[in-house]
**Q** 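This is the structure, below, for whatever I ask next.
Note on naming: letters A, B, ... go to the chains in the order of the sequence lines (proteins, then strands), and numbering restarts at 1 for each one. Given the structure is predicted, the values throughout are model-derived calculations rather than measurements.
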Amino acid sequence: MTELPKNYDPSSAAELYKFWLDKGYFHAEVDPSREKYSITIPPPNVTGSLHIGHALGYTIHDVLVRRKRMQGFNVLCLPGTDHAGIATQNKVEQKLAKEGLTRHDIGREKFLERVWDWKNEYGAQILNQFRTMGYSFDWDRERFTMDEGYSAAVKKAFVTLFNKGYIYRGARVINWCPRCMTAISDIEVEYKDQPSHLWHFKYPFEDGSGYVVVATTRPETMLGDTAVAVNPGDKRYEGMVGKMLRLPLVDRLIPIVADDYVDLEFGTGAVKVTPAHDPNDFEIGMRHNLEQIHVIGNDGKMTAEAGKYAGLDRDEARKQVVADIDALGLLDKIEDYSHNVGTCARCGTTIEPMLSEQWFCKMKELAGPAIEAVTSGAVKFHPDRYAKTYLEWMENVRDWCISRQLWWGHQIPVWKCEDCGKYTASEDECDSCSHCGSKNVTRETDVLDTWFSSALWPFATMGWPLSEDLLDYFYPTDVLITARDIIYLWVARMIFSSLEYRKQIPFKDVYIYATVMNEEGKRMSKSLGTGVDPLELVEKYGVDSLRFALISQAGKNQDMRFSDKRVENVRGFANKIWNASRFVIMNLEGYDGKPMDEAKLETADKWILSRLNDTVKAANKGFDNYDMDDAARAIYDFMWNEFCDWYIELAKPRLREEGEGKRNVQAVLTKVLETSMRLLHPIMPFITEEIWQAIPHEGESVMVASYPEADDSLEDKEAEAQMSVVMDLVRAVRNIRAEIGAAPSKPVPLTLICDGDKAELVKKAEVIVKSLAKVDEITFADAIAEGDKGKFMSAHFPGCDIYVPMAGLVDVEKEKERIANELKSVEKDLSKHQAKLDNEKFMSKAPEEIKQKEINIVKELTETAAKLKERLASL
RNA sequence: GGGCGAAUAGCUCAGCUGGGAGAGCGCUUCCCUUACAAGGAAGAUGUCGGGGGUUCGAGCCCCUCUUCGCCCACCA
């Protein structure tokens with residue numbers, strides 16, 4: 001027998017990970033004879049290392065996958081990383097900036113080299129985190145959204161949509177980030193309420209007959225105004241429609257137009273219209289044939305069209321415009337106003353709505369099947385409330401701006417013909433126009449939105465469009481596990497993409513897990529600086545502890561507030577398991593390794609096996625329903641409160657005996673521990689493997705042992721009821737011991753006045769009671785002599801009175817007070833329950849079972865109250 | 001403006017289809033008892049956010065209000 005250290009040391013994890021890896025347990029091959037279970041993990045961005053929020057998500061993957069593997073499924077969990085276009089490009093640009101360089105200084109080619117260097121560095125770092133966390137992903141099948149095969153998939157996808165006419169080039173007001181210098185999609189804009197102002201300007205009539213007051217939150221855009229709109233039904237502006245206004249500062253004549261868009265209730269009812277810099281104004285402009293004048297450039301500075309303001313930053317221009325309007329006496333008023341300002345999700349810069357030519361993807365046709373997939377239940381959300389979120393968006397989805405003016409990403413496979421002006425999309429290099437045959441074609445320099453490529457993830461990683469081998473067997477995947485902030489960005493797009501290109505759903509379940517907050521309740525996020533590196537906690541408390549802490553909090557209802565304290569607590573649990581195992585191992589001497597003799601099991605054995613079975617049931621139910629916190633709790637409670645606190649203690653005296661009794665205890669200890677290790681393995685893979693290897697087992701690794709299944713032949717309600725009596729008795733005696741301050745080492749004698757059946761039970765469990773309650777002698781009596789009653793401390797539970805001689809140790813007054821307090825609480829309880837029995841309606845309407853239960857409660861409480869009173873009187 | 005979630009012990013949270021309020025941390029007392037002091041034993045602590053309603057019975061169901069958090073939305 002090897003000596004195990006007293007405290008669990010989690011540092012052996014790396015070795016075990018290597019052992020599994022070498023055995024090839026993580027790798028999956030197509031095998032039609034077996035049932036598959038497949039997941040493609042959400043590829044993390046290669047922008048940096050991961051935080052606890054990510055760790056939660058990926059740990060959930062590993063827990064599900066490890067269990068399925070143990071259940072005999074042929075499991076593929078496919079990992080990889082995402083090039084994350086704009087995000088990664090920004091990171092590298094920031095790094096360049098520290099060297100005093102911009103990407104333009106070094107050029108596209110050199111810049112991309114730098115990004116690849118970055119990708120390799122951070123990709124490796126993430127990989128290291130994954131391995132340290134113990135994730136059993138199939139590293140042989142690792143993918144990257146810009147690897148060769150994947151690029152082929154992106155081209156194929158684009159060309160397919162293009163040729164179906166779903167992709168078009170159009171001029172629209174899009175969200176422009178002046179810092180990233182690219183268009184971004186609607187869902188990449190984050191709106192933030194910011195205190196601002198509503199400026200009211202007077203626009204004079206051309207004919208000098210007064211003015212119209214318009215309000216704006218963006219004064220600088222007035223330089224690009226080409227109309228003022230009013231509601232056609234607005235009495236205040238009756239007869240004014242069609243009249244011309246002279247736009248201040250610019251001196252341009254602009255018409256008053258009537259448009260239903262204008263809200264009668266808001267402001268003055270007159271709206272300045274800037275078609276080039278506001279999506280609504282753009283629409284109004286289209287309806288009224290208004291000119292579109294760009295006054296803000298791509299860099300966020302005013303353009304030549306802005307006249308004397310040209311070259312000013314937009315913020316500077318705002319101040320100037322307001323000052324100049326004021327100088328002209330045309331500033332009507334300034335109101336305080338809280339404004340919802342759009343900012344770039346990647347860099348936080350205020351978005352500039354900008355009229356721009358971009359590539360768009362039509363969404364209407366794609367959305368139809370994607371809606372159907374969820375309403376029909378083919379794709380299920382967990383928790384299901386997210387289906388609503390998804391559908392809401394999908395049903396109102398707008399065309400998707402897919403082009404980005406970036407360098408890092410998939411260059412759009414479209415060539416423009418310089419002769420006929422038409423576009424040709426092609427998966428291969430294109431040297432001639434498909435419309436006129438001209439050789440004078442040039443490739444689009446824009447890249448695709450990074451989500452265009454990640455939308456293909458589940459099937460592109462399995463070989464699409466080059467090979468069907470993996471897809472035939474492993475696709476669709478079983479579940480997608482992700483955070484809720486990318487339901488639109490990613491989940492939705494994978495669903496419609498898979499339906500479009502494969503005519504299949506990409507996954508059956510979508511499991512949305514909790515958002516991890518730090519202790520202050522702030523969302524954990526790298527960009528917010530609130531992220532915590534999981535490896536720090538691993539270093540401090542061990543991987544298994546971190547994994548368990550995360551999983552035990554992964555409830556469906558709430559986001560989780562994460563603190564070290566929780567992990568520290570789990571470390572205690574790991575240590576508890578470790579030491580329980582040490583105890584078992586130390587006591588296996590002479591054990592032949594054979595299973596227990598069922599005919600000779602004692603009540604305690606039957607009890608723990610019944611409890612174990614219950615735990616197996618609860619754990620499986622939890623995992624099956626994605627209620628992993630329930631599973632974790634069930635195992636934790638069982639192992640600590642039942643196995644360690646009771647069964648091991650119960651086993652001790654029996655282990656000191658020799659023969660059949662001892663052998664059976666050894667067998668039961670082994671069985672319970674071995675089963676528990678298999679049960680817990682998905683959550684705490686390392687400690688369970690280490691222990692499992694050290695106790696009698698079959699097979700080469702717990703990782704590939706079978707996952708426990710409920711065995712109802714182990715259920716034994718009678719044993720559970722009997723054990724609960726014994727446990728009550730032990731607790732009662734311990735309570736008394738604590739009250740009288742009996743030293744733990746000093747045994748006390750015990751006198752019991754019990755009903756016949758209870759007495760039988762206690763007699764059977766005599767050894768146990770003596771050992772657990774530190775009792776040296778148990779006397780069964782019919783009564784205590786009246787005069788002697790004051791010499792005892794007593795306790796009572798249904799069917800049994802307990803007396804412990806107190807040998808003058810106790811303060812009678814104090815004891816009276818204690819009993820009086822207890823009596824008070826019992827009587828309070830009693831009156832509550834008695835009231836139910838006194839209620840005719842309860843008696844006539846409540847189910848028989850409930851009535852019986854209440855009757856029993858009242859009976860018990862009445863008896864207890866009587867005993868307490870009697871006791872009080874005797875003191 | 002719409003939607004979703006949350007409000008339970010000092011703190012972080014469980015509480016399944018309504019039927020005697022729970023865990024962990026923290027706190028009090030005792031204990032280094034040969035598995036474990038990263039531990040053990042025994043305790044104290046709650047108008048289950050407020051107000052209505054349904055029911056024999058509500059932490060749980062319905063209505064309403066309040067306070068937080070998160071999404072979505074073109075109100076200048």
Side-chain angles (χ1 to χ4, degrees), chain A residues 4 6-8 173 187 191 198 214-218 221 229 261-263 265-274 278-283 337 339-340 353 383 385-386 388-389 392-393 396 484-485 487-488 515 517 519 521 523 541 545 552-553 555 557-563 565-566 568-587 618 621 625 627 629-630 633 636-637 641 644-645 648-649 652 731 734-739 741-745 774 829 832-833 836 839-847 849-851 853-854 856-858 860-861:
Chain A
L4 294 172
K6 228 172 154 181
N7 286 332
Y8 172 57
V173 173
I187 28 182
Y191 288 92
L198 196 53
V214 296
T216 181
T217 52
R218 294 188 298 151
T221 62
Y261 163 75
V262 181
D263 183 352
E265 307 294 320
F266 191 88
T268 59
V271 184
K272 62 188 273 304
V273 182
T274 323
D278 184 283
N280 298 306
D281 293 6
F282 175 76
E283 296 293 326
Y337 192 69
H339 190 219
N340 221 4
R385 66 184 118 98
Y386 290 114
K388 204 178 157 185
T389 311
E392 178 77 20
W393 185 75
N396 299 297
R484 67 161 172 269
D485 53 338
I487 293 177
Y488 309 137
T515 302
M517 322 272 216
E519 273 177 280
R523 188 167 65 92
Y541 305 110
S545 300
S552 66
Q553 287 178 99
N557 293 331
Q558 249 188 140
D559 290 336
M560 72 168 76
R561 212 176 268 211
F562 193 84
S563 82
K565 203 79 198 160
R566 195 103 182 190
E568 194 184 343
N569 183 233
V570 179
R571 180 180 59 179
F573 177 55
N575 202 47
K576 190 75 181 173
I577 299 168
W578 182 255
N579 278 294
S581 307
R582 276 179 68 223
F583 173 84
V584 172
I585 291 164
M586 282 160 62
N587 284 286
K621 188 180 166 197
N625 297 329
D627 290 322
D629 53 332
D630 287 348
R633 250 192 308 273
Y636 181 101
D637 289 346
N641 303 332
C644 291
D645 286 354
I648 284 186
E649 295 305 321
K652 283 177 182 173
R731 271 191 280 255
R734 282 173 175 173
N735 187 330
I736 292 174
R737 293 182 59 102
E739 289 288 337
S745 52
K774 202 75 187 169
D829 249 25
K832 209 166 87 190
H833 291 282
K836 286 194 177 187
N839 184 340
E840 268 177 46
K841 285 182 177 168
F842 173 79
M843 294 309 282
S844 61
K845 293 195 175 176
E849 194 189 315
I850 299 298
K851 272 194 287 188
K853 202 173 158 190
E854 287 296 327
N856 286 339
I857 291 169
V858 167
E860 280 177 16
L861 290 174

**Q** So how far is it from A:Asn735 CG to A:Arg737 CZ, rounded to the nearest 0.5 Å?
**A**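 Here the rounded value is 12.0 Å.
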
**Q** Which letter, B, S or -, goes with each nucleotide of nucleotides 71-76 of chain B from 5' to 3', with contact meaning a protein heavy atom under 4.0 Å?
**A** SSBBBB

**Q** Taking atom C1' in both B:rU47 and B:rG3, compute the distance separating them and give it to the nearest angstrom.
**A**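 Those two atoms are separated by 32 Å.
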
**Q** Identify whether any heavy atom of A:Lys774 sits under 4.0 Å from a base atom; if not, whether one sits that close to sugar-phosphate; answer base, sugar-phosphate or nothing.
**A**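 It contacts nothing in the nucleic acid.
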
**Q** Is any side-chain nitrogen or oxygen of A:Arg561 closer than 4.0 Å to OP1 or OP2 of B:rU12?
**A**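 Yes, within the criterion.
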
**Q** Quick check on B:rA21: is either OP1 or OP2 less than 4.0 Å from any side-chain nitrogen or oxygen of A:Lys832?
**A**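 Checking A:Lys832 against B:rA21: at least one side-chain N or O falls below 4.0 Å of OP1 or OP2.
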
**Q** Under the side-chain contact (heavy atoms from CB on, under 4.5 Å) test against A:Lys851, which residue among A:Lys836, A:Met843, A:Lys845 passes?
**A**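 For A:Lys851, the side-chain contact (heavy atoms from CB on, under 4.5 Å) test succeeds with only one of A:Lys836, A:Met843, A:Lys845, which is A:Met843.
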
**Q** Suppose you measure atom C1' in B:rU67 against the same atom in B:rC61; what distance do you get, rounded to whole Å?
**A**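 Between the two C1' atoms, the distance is 23 Å.
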
**Q** Under 4.0 Å, counting only non-hydrogen atoms across every strand here, what does A:Asp829 touch: a base, just sugar-phosphate, or nothing?
**A**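 It contacts base atoms.
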
**Q** Across the strands shown, which category fits A:Lys388 at heavy-atom distances under 4.0 angstrom: base, sugar-phosphate, nothing?
**A**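 It contacts sugar-phosphate atoms only.
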
**Q** Is RNA chain B part of any stem, that is, at least 3 consecutive Watson-Crick or G-U pairs with both distances under 3.5 Å, and where?
**A**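 Result, WC/G-U stems under 3.5 Å: B:1-7 with B:66-72, B:10-13 with B:22-25, B:27-31 with B:39-43, B:49-53 with B:61-65.
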
**Q** Can you tell me if the side-chain N/O atoms of A:Lys652 get under 4.0 Å from OP1 or OP2 in B:rA35?
**A**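 For B:rA35, OP1/OP2 do have a side-chain N/O of A:Lys652 under 4.0 Å.
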
**Q** Starting at the 5' end of RNA chain B and moving along, which residue's nearest nucleotide shows up first, A:Glu519 or A:Ser581?
**A**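 Final value for this comparison: A:Glu519.
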
**Q** Quick one: which of B:rA35, B:rA38, B:rG20 gets closest to the side chain of A:Leu861?
**A**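 Looking only at side-chain atoms, A:Leu861 lies closest to B:rG20.
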
**Q** Please measure how far the P atom in B:rA7 lies from the corresponding atom in B:rA14, and state the result in whole Å.
**A**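 Straight-line distance between the two P atoms is 7 Å.
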
**Q** Distance check: side-chain N/O of A:Lys851 vs OP1/OP2 of B:rG19, anything under 4.0 Å?
**A**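 For B:rG19, OP1/OP2 do not have a side-chain N/O of A:Lys851 under 4.0 Å.
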
**Q** Any side-chain heavy atom of A:Lys832 sitting closer than 4.5 Å to one from A:Ile857?
**A**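 Side-chain contact under 4.5 Å: no.
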
**Q** Between B:rU66 and B:rG51, how far apart are the P atoms? Round to whole Å, please.
**A**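 Per the computed distance, 15 Å lies between those P atoms.
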
**Q** Check this one for me: any side-chain N or O of A:Lys853 less than 4.0 Å away from OP1 or OP2 of B:rG20?
**A**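 Yes.
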
**Q** Just checking A:Arg571: base, sugar-phosphate only, or nothing, at a heavy-atom cut-off of under 4.0 Å?
**A**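 Here A:Arg571 touches the bases of the nucleic acid.
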
**Q** Could you tell me how far B:rG57 sits from B:rG20 if I compare only their P atoms? Round to whole Å.
**A**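 Per the computed distance, 15 Å lies between those P atoms.
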
**Q** Which part of the nucleic acid, if any, lies within reach of A:Lys576 when heavy atoms closer than 4.0 Å are counted: base, sugar-phosphate only, or nothing?
**A**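 Base contact.
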
**Q** Just to confirm, is there a sub-4.0 Å distance from OP1 or OP2 of B:rC25 to any side-chain nitrogen or oxygen of A:Asn569?
**A**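 Answer yes for this pair, as a side-chain N or O of A:Asn569 is under 4.0 Å from OP1 or OP2.
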
**Q** Determine the minimum heavy-atom distance between A:Leu198 and A:Tyr337, stating which atoms define it.
**A**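 It is N-CB, 3.7 Å.
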
**Q** Check the phosphate of B:rG43 against A:Asn735, side-chain N and O only, distance under 4.0 Å to OP1 or OP2. Yes or no?
**A**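 Indeed, a polar side-chain atom of A:Asn735 lies that close.
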
**Q** Determine whether a donor-acceptor pair (N or O, by modelled atom type, separation under 3.5 Å) exists between the side chain of A:Asp278 and the backbone of A:Asn280.
**A**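 Yes: the side chain of A:Asp278 pairs with the backbone of A:Asn280.
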
**Q** Check the pair A:Lys565 / A:Glu568 against salt bridge (charged side-chain N to carboxylate O under 4.0 Å, His left out), numbers first and verdict last.
**A** CA-CA 5 Å; A:Lys565 203 79 198 160; A:Glu568 194 184 343; 3.7 Å; yes

